[in-house]
Amino acid sequence: MAPRKNAKGGGGNSSSTSGSGSGSSTSTGSSGGSSSSPGTRRETKHGGHKNGRKGGLSGSSFFTWFMVIALLGVWTSVAVVWFDLVDYEEVLGKLGVYDADGDGDFDVDDAKVLLGLKERSASEPIFPPEEAEPHAEPEEQAPEGTEPQNIEDEVREQIQSLLHETVHTEHGEDLQQDQDGPAEELPLEYENFFTDDADDTFEMLEPETLHEVLQDHHQDIEEMIYDQENPDSSEPVVEDERLHQEADDVTYQDYDKQEYEPSENDAIEISDNAVEESNIIPEEVSVPAAEEQQEVPPETNRKTDDQEQKQKAKKKKPKLLNKFDKTIKAELDAAEKLRKRGKIEEAVNAFEELVRKYPQSPRARYGKAQCEDDLAEKRRSNEVLRKAIETYQEVTSLPDVPTDLVKLSLKRRSERQQFLGHMRGSLLTLQRLVQLFPSDTSLKNDLGVGYLLIGDNDNAKKVYEEVLNVTPNDGFAKVHYGFILKAQNKIAESIPYLKEGIESGDPGTDDGRFYFHLGDAMQRVGNKEAYKWYELGHKRGHFASVWQRSLYNVNGLRAQPWWTPRETGYTELVKTLERNWKLIRDEGLAVMDKAKGLFLPEDENLREKGDWSQFTLWQQGRKNENACKGAPKTCTLLEKFPETTGCRRGQIKYSIMHPGTHVWPHTGPTNCRLRMHLGLVIPKEGCKIRCANETKTWEEGKVLIFDDSFEHEVWQDASSFRLIFIVDVWHPELTPQQRRSLPAI
């Protein structure tokens with residue numbers, strides 16, 4: 001019977017599958033039965049004892065079992081994934097509910113807190129009551145529905161109440177302004193303050209001036225947030241396309257086009273195109289990146305504690321997910337990854353679907369706003385950008401919005417409003433931010449800038465005074481307060497604020513305009529440290545050199561203070577001016593005699609003393625038809641020379657200076673032009689001009705040529721007036737394309 005059992009239960013190569021049962025053991029008793037299979041014989045040979053009884057599984061039997069189980073496991077896993085039997089995203093999302101450290105996900109630290117192996121930090125959110133009960137003392141549990149779980153909930157409730165109080169009025173007013181209204185025309189007092197030469201009156205620039213810095217700042221915040229929410233993510237990140245990415249080596253500042261614009265000293269990328277247009281200005285700054293040139297001034301005494309506090313502030317994680325958003329974090333992350341990879345259209349669709357599925361999700365709506373923001377950048381579309389601005393507003397109107405998300409949404413909304421030129425709408429948003437977060441001095445600093453952008457110096461000054469009363473060492477507030485004092489001609493008072501603000505090293509203080517105005521103020525009070533600050537500004541990449549301190553620059557242009565006609569290549573223009581100097585002089589004198597009011601006084605606080613006026617024929621490449629009626633022959637002569645009449649970064653004008661006048665050292669706005677001075681009425685003695693470290697005098701009928709982006713200074717100590725004719729020309733090394741595309745100054 002034994003052979004028959006063996007043949008039935010273990011015949012063929014499958015004998016090893018009979019396991020360790022008794023039937024299998026007894027079936028091996030006959031080593032040579034005709035019914036025994038080869039497998040059985042192998043078992044007897046390799047797996048049995050000397051007495052013929054099997055002691056366990058053979059090596060081949062164990063291996064076969066192992067392979068069968070492994071294959072079953074593999075196919076089971078494939079089936080689970082293929083047929084989507086387990087919703088992993090849902091599982092991961094639900095684990096987010098047990099987030100104990102507020103970083104938006106469930107990790108080892110959260111598990112340690114749940115197991116009691118680690119104490120919860122004071123800043124970490126409390127678990128929902130059902131999870132917290134096993135670890136809480138009964139007497140410490142508050143009854144359900146009493147007061148908020150923690151301080152953050154209280155703050156959130158206060159913010160929500162404030163938001164709902166103001167959302168309808170502010171939203172309605174600002175939306176109407178943002179939709180179709182043009183960018184505001186603002187007062188020019190700050191523009192005038194920044195201008196260093198009465199000869200340099202600036203055209204209002206397009207809103208794109210502000211865009212790049214805001215975009216960079218926004219991108220930095222987004223990357224920081226995403227990295228913190230996804231610390232283990234190894235996905236490659238593709239940076240978003242930038243509107244002005246092709247404008248190589250441009251240094252940007254934080255301010256838009258209007259009166260808070262250091263026209264002659266501010267390194268802003270300018271564009272004369274609307275956002276929807278695609279032409280990009282190939283303008284560059286002729287200095288290295290500031291980060292590569294960073295040096296600490298010798299006067300800077302920073303405490304280690306301050307540095308540590310700043311580092312801690314930088315590393316603090318913003319909390320962007322409420323309790324519900326933590327449950328859908330996997331879906332949010334998937335959509336966010338699309339955006340970070342540069343798949344903007346797909347990301348827009350993903351976040352729109354999330355908003356449709358979860359209309360009360362603040363993080364989903366914020367992601368939608370970010371995608372619209374990026375899409376506006378990619379398509380250069382104001383219309384899409386307005387949608388983004390509206391969506392940022394919608395984020396703050398939802399219930400249970402984390403306070404950090406409220407702050408980020410409103411800050412970005414304000415920035416994008418500024419970009420579109422809606423300065424007053426931006427100011428309303430900044431005012432809301434300060435109302436919601438009254439202890440955040442950085443928001444008050446932004447509010448001060450908002451006031452400056454609409455020309456409200458007085459309110460800006462009040463804001464910075466308030467900040468400095470609370471935080472006397474706030475460097476950002478100091479430089480801006482000093483800036484305002486200098487605008488009010490309180491030169492000596494402005495110096496310590498500018499100096500200490502720069503020395504603080506706070507964000508926003510390492511800015512070329514502040515180095516310029518500090519040095520300028522020091523020069524005016526006779527402080528010899530002025531050039532030390534110019535030198536430091538140069539080393540930090542803000543100035544091309546100590547002498548050449550213009551900031552609207554194109555890289556690679558020949559830089560020297562004085563030029564000869566041959567070096568410029570404009571010899572025909574020079575010859576025409578010198579041959580016709582008496583005709584030009586006579587028309588200028590006639591205008592002086594008949595209409596002295598046409599000569600406008602210099603009003604940019606460049607004079608230490610005296611009387612200095614000018615009569616302009618061309619400005620920013622545009623002919624003044626009325627003015628040319630007073631000097632028709634002169635205008636006819638000049639129309640033959642597009643290098644000057646088409647110079648949109650210069651002027652053509654008469655300049656008269658009376659005895660006793662001294663013009664402070666100053667620089668022009670750009671290295672893209674050269675300036676010709678034709679002497680018309682020149683006293684024999686007492687009139688001179690210094691450019692850099694060389695001083696010259698005018699001659700009647702002769703042309704002097706210099707680069708006014710270098711520091712220059714003028715004295716008029718004669719006994720009679722001095723009259724010259726100023727003709728600006730494009731820098732000879734600019735290409736025709738650059739001359740056509742560079743925006744006006």
Side-chain angles (χ1 to χ4, degrees), residues 183-196 202 204-207 209-211 213-214 217 252-268 270 410-411 413-434 440-469 474-491 493-494 497-498 501-502 506-518 520-521 551 604-605 669:
E184 302 169 38
E185 293 294 332
L186 304 177
L188 296 178
E189 51 193 279
Y190 265 84
E191 180 180 345
N192 291 338
F193 168 60
F194 278 106
T195 306
D196 294 315
F202 281 72
M204 298 294 283
L205 307 178
E206 292 297 328
T209 355
L210 175 67
H211 174 69
V213 155
L214 298 179
H217 173 66
Y252 304 91
Q253 301 297 345
D254 294 343
Y255 307 103
D256 199 12
K257 59 192 176 67
Q258 276 79 4
E259 51 291 315
Y260 186 49
E261 172 194 354
S263 302
E264 302 222 346
N265 311 297
D266 192 9
I268 301 177
I270 327 164
L410 290 178
K411 284 189 70 173
R413 183 172 192 257
S414 170
E415 292 166 356
R416 305 312 277 153
Q417 287 173 311
Q418 289 180 357
F419 171 68
L420 283 181
H422 299 295
M423 299 304 167
R424 296 191 183 277
S426 173
L427 184 63
L428 288 173
T429 304
L430 290 169
Q431 288 171 338
R432 285 182 62 201
L433 274 166
V434 171
D440 191 331
T441 55
S442 69
L443 296 177
K444 292 182 179 179
N445 284 335
D446 292 341
L447 178 62
V449 173
Y451 280 120
L452 290 173
L453 286 171
I454 65 169
D456 191 346
N457 299 16
D458 293 336
N459 274 320
K461 186 177 181 181
K462 290 177 184 177
V463 169
Y464 290 121
E465 285 174 345
E466 181 181 345
V467 172
L468 291 172
N469 284 334
D474 189 305
F476 187 92
K478 281 187 174 183
V479 290
H480 286 81
Y481 190 69
F483 168 86
I484 294 170
L485 290 175
K486 189 167 182 287
Q488 296 174 339
N489 206 29
K490 297 178 180 179
I491 306 299
E493 292 180 44
S494 71
Y497 288 99
L498 289 166
I502 294 173
D506 289 348
T509 61
D510 188 27
D511 186 315
R513 82 192 91 189
F514 299 130
Y515 288 86
F516 172 85
H517 287 294
L518 174 57
D520 183 62
L551 294 172
E604 299 171 31
N605 194 30

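Computation of the quantities below employed the complete heavy-atom set of this structure, encompassing side-chain atoms and omitting hydrogens, waters and symmetry-equivalent molecules.
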(request) Please report the C-alpha distance between Leu427 and Leu447 in whole Å, then the side-chain angles of each, then the deciding distance to 0.1 Å, and finally whether the side-chain contact (heavy atoms from CB on, under 4.5 Å) criterion is met. (result) CA-CA 7 Å; Leu427 184 63; Leu447 178 62; 3.5 Å; yes

(message) Is there a side-chain hydrogen bond (donor to acceptor under 3.5 Å, both in side chains) between Gln431 and Tyr451? Walk through the geometry before answering.
(response) CA-CA 10 Å; Gln431 288 171 338; Tyr451 280 120; 3.1 Å; yes

(message) So, using side chain to side chain donor-acceptor pair (under 3.5 Å) as the criterion, who are the partners of Tyr497 when residues are at least two apart?
(response) none

(request) Measure the OG-CZ distance between Ser426 and Arg416 for me, rounded to the nearest 0.5 Å. (result) 11.5 Å

(message) For the CZ atom of Arg432 and the CG atom of Leu410, what is their distance to the nearest 0.5 Å?
(response) 5.0 Å

(request) Go through the steps to decide whether Asp506 and Lys478 satisfy the test salt bridge (Lys or Arg N to Asp or Glu O under 4.0 Å), and finish with yes or no. (result) CA-CA 10 Å; Asp506 289 348; Lys478 281 187 174 183; over 6 Å; no

(request) Give a yes/no verdict on a cation-pi contact between Arg513 and Phe516, requiring under 6.0 Å between NZ or CZ and the six-membered ring centre and an angle within 45° of the axis. (result) no

(message) Using side-chain heavy atoms (C-beta onward) and a distance below 4.5 Å, is Gln488 in contact with Leu485?
(response) yes

(message) Please give me the minimum heavy-atom distance between Val463 and Gly448, naming the atom from each residue.
(response) CG1-N, 3.9 Å

(request) Check whether any side-chain heavy atom of Lys490 lies under 4.5 Å from a side-chain heavy atom of Ile484, and answer yes or no. (result) no

(request) Output all residues satisfying side chain to side chain donor-acceptor pair (under 3.5 Å) with Glu466, sequence neighbours left out; order by chain, then residue number. (result) Lys444

(request) Find the distance between OG (Ser414) and CE (Met423) and round it off to the nearest 0.5 Å. (result) 9.5 Å

(request) Starting from the C-alpha separation in whole Å, work towards a yes-or-no answer on side-chain contact (heavy atoms from CB on, under 4.5 Å) for Phe483 and Val479. (result) CA-CA 6 Å; Phe483 168 86; Val479 290; over 6 Å; no

(request) Hey, could you give me the CD1/CG distance between Ile502 and Asp510, rounded to the nearest 0.5 Å? (result) 8.0 Å

(request) Show your reasoning for whether side-chain contact (heavy atoms from CB on, under 4.5 Å) applies to Leu430 and Gln418. (result) CA-CA 11 Å; Leu430 290 169; Gln418 289 180 357; 4.1 Å; yes

(request) Measure the spacing between CD1 of Ile454 and CG of Asn459 and express it to the nearest 0.5 Å. (result) 7.5 Å

(request) Using modelled atom types only, decide if a donor and an acceptor are shared between the side chain of Tyr464 and the backbone of Asn445 within a distance under 3.5 Å. (result) yes

(message) Out of the candidates Asp511, Val449, Val467, Thr441, only one should pair with Phe476 under the side chain to side chain contact (heavy atoms under 4.5 Å, CB included) rule; please name it.
(response) Val449

(request) Report yes if some heavy atom in the side chain of Gln417 is under 4.5 Å from a heavy atom in the side chain of Leu428; otherwise report no. (result) no

(message) The criterion is side-chain contact (heavy atoms from CB on, under 4.5 Å); which residues satisfy it with Asp440, sequence neighbours excluded?
(response) Lys407, Phe437, Ser442, Leu443

